[in-house]
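No hydrogens, no waters, no symmetry mates; every other heavy atom, side chains included, goes into these values. Order of the sequence lines sets the chain letters (A, B, ...), proteins ahead of strands, with each chain counted from 1.
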Amino acid sequence: MVRIATFNVNSVKARLPNLLAWLKAEAPDVVLLQEIKCVDEAFPALEIEDLGYQVAVHGQKTYNGVAILSRLPLEDITPRLPGATGSEDDQPDAQARYIEALVDGKIRVCCLYLPNGNPISEDRKFGYKLRWMDKLVDRARILLETEPDLPVVIAGDYNVCPTDDDVYDPKGWADDALCRPESRQRFRALLHMGYTDAIRAVTKAPGVYTFWDYQAGAWQKDHGLRIDHLLLNPAAADKLANAGVDRKPRGEQKASDHTPTWVELTLD
DNA sequence: ATGGTCGCCGAGCGA
């Protein structure tokens, strides 16, 4: 059994005590982190390695930044979205939002932090998000075509609520970039080409959330959104044993505004 | 309630 979790930590330095406590308590085999908000050199690798994890980081100053933690060997590490360009600031790979790696030679994991996209009136925000999603769809298709028998997990903070069941107030959020049809259409493109939304494969219940804003008592009122997702290619979906959201970290002191989401695959 | 709350870093942006 291999357990893979995704967790937007909203600064790995500010969240280090919470992250270390959660790693000790849950000991997932692989953890995909988003919004580490630091350069590679500032990533607290020693503390995490002490818990038995190997670390692959794609950092950036102040904003964004992603990382993969693994108790199993990592190889084939690619700290960018393959196929995307990044020389200009408006190009999909200009920001540190993607890293992928092969775990123990048997699972490819892709860790992403998709652009938020608000406000939808600004092309440098919403247009950037949609172009970034187009590049992700391209990459997802290439992975299906080139290694269909290798389990692949594409997970992270998608900044997309796939349906109104994933939003506490669908009418209030209808014109937000997280809920717009253009964002949802691109998310569905991933499902239509053969990827499985792991949470939706184990429950059809509405109101499963992974993010609660810091403002206005959103956590206390359960005013949440489901925007952190684990998508499985058919080879991985065949091995799906369970999936869920771990709400406990969101209730701790100094919590991130996101909480971990996980999947278990029956692989040796 | 024309704000609210965090984290970046030391003003205002991003979420």
Side-chain angles (χ1 to χ4, degrees), chain A residues 6-22 32-44 47 57-67 86 88-98 111-133 136 155-162 166-170 172-180 182-184 187 209-229 247-261:
Chain A
T6 179
F7 188 7
N8 179 323
V9 290
N10 185 18
S11 169
V12 71
K13 286 184 278 184
R15 214 66 57 211
L16 191 58
N18 305 55
L19 175 62
L20 294 175
W22 174 74
L32 311 182
L33 298 180
Q34 300 87 35
E35 280 204 88
I36 61 171
K37 292 187 173 179
C38 66
V39 295
D40 293 7
E41 298 72 30
F43 189 86
E47 293 92 328
V57 182
H58 181 31
Q60 178 184 332
K61 182 179 161 66
T62 309
Y63 302 120
N64 312 310
V66 288
E88 298 295 328
D89 193 50
D90 61 344
Q91 292 300 304
D93 211 40
Q95 303 172 2
R97 295 180 174 276
Y98 187 98
C111 171
L112 65 91
Y113 173 49
L114 225 145
N116 174 292
N118 283 303
I120 59 172
S121 57
E122 290 188 29
D123 179 74
R124 72 181 187 93
K125 292 294 188 179
F126 193 45
Y128 182 75
K129 174 182 196 151
L130 299 180
R131 288 190 289 277
W132 205 98
M133 292 191 82
L136 177 65
D157 179 357
Y158 279 72
N159 267 317
V160 176
C161 300
D166 305 305
V167 191
Y168 73 95
D169 175 17
W173 283 75
D175 279 326
D176 191 280
L178 280 59
C179 297
R180 287 286 300 174
E182 298 92 330
S183 309
R184 289 178 168 176
F187 185 85
Y209 305 135
T210 65
F211 164 88
W212 299 259
D213 198 281
Y214 285 126
Q215 299 186 65
W219 167 248
Q220 287 75 13
K221 292 185 268 192
D222 198 26
H223 286 180
L225 308 171
R226 190 173 73 95
I227 55 177
D228 300 273
H229 309 294
R247 293 171 59 106
K248 201 185 312 166
R250 185 62 181 84
E252 305 282 359
Q253 291 297 311
K254 288 271 292 174
S256 169
D257 41 4
H258 296 249
T259 212
T261 305

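Using atom C1' as the reference point in both B:dC9 and B:dG14, the two lie 13 Å apart (nearest Å). The gap from the P atom of B:dC13 to that of B:dG4 amounts to 16 Å, rounded to the nearest Å. A distance of about 26 Å separates the P atoms of B:dT2 and B:dA11, rounded to the whole Å. A gap of 16 Å separates the P atoms of B:dG12 and B:dG3, to the nearest Å.
Annotation: side chain to side chain donor-acceptor pair (under 3.5 Å) contacts of A:W212 (sequence neighbours excluded): A:D222. For A:E47, there are no salt bridge (charged side-chain N to carboxylate O under 4.0 Å, His left out) partners at least two apart in sequence or on another chain.
Under a 3.5 Å cut-off, the side chain of A:R97 and the backbone N or O of A:Y113 do form a donor-acceptor pair.
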Side chain to side chain donor-acceptor pair (under 3.5 Å), that's the test. Do A:N10 and A:K37 meet it? Break it down for me. CA-CA 7 Å; A:N10 185 18; A:K37 292 187 173 179; 2.9 Å; yes
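For the pairing with A:Y158, the ring pair (Phe, Tyr, Trp, His ring centres under 6.0 Å) check across A:F211, A:F187, A:W132, A:Y98 returns one residue only, A:F187.
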For every nucleotide of nucleotides 5-15 of chain B, 5' to 3': is a protein heavy atom under 4.0 Å from its base (B), only from its sugar-phosphate (S), or from neither (-)? BSSSS---BSS
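For the residue pair A:K129 and A:N116, no side-chain donor N or O sits within less than 3.5 Å of a side-chain acceptor on the partner.
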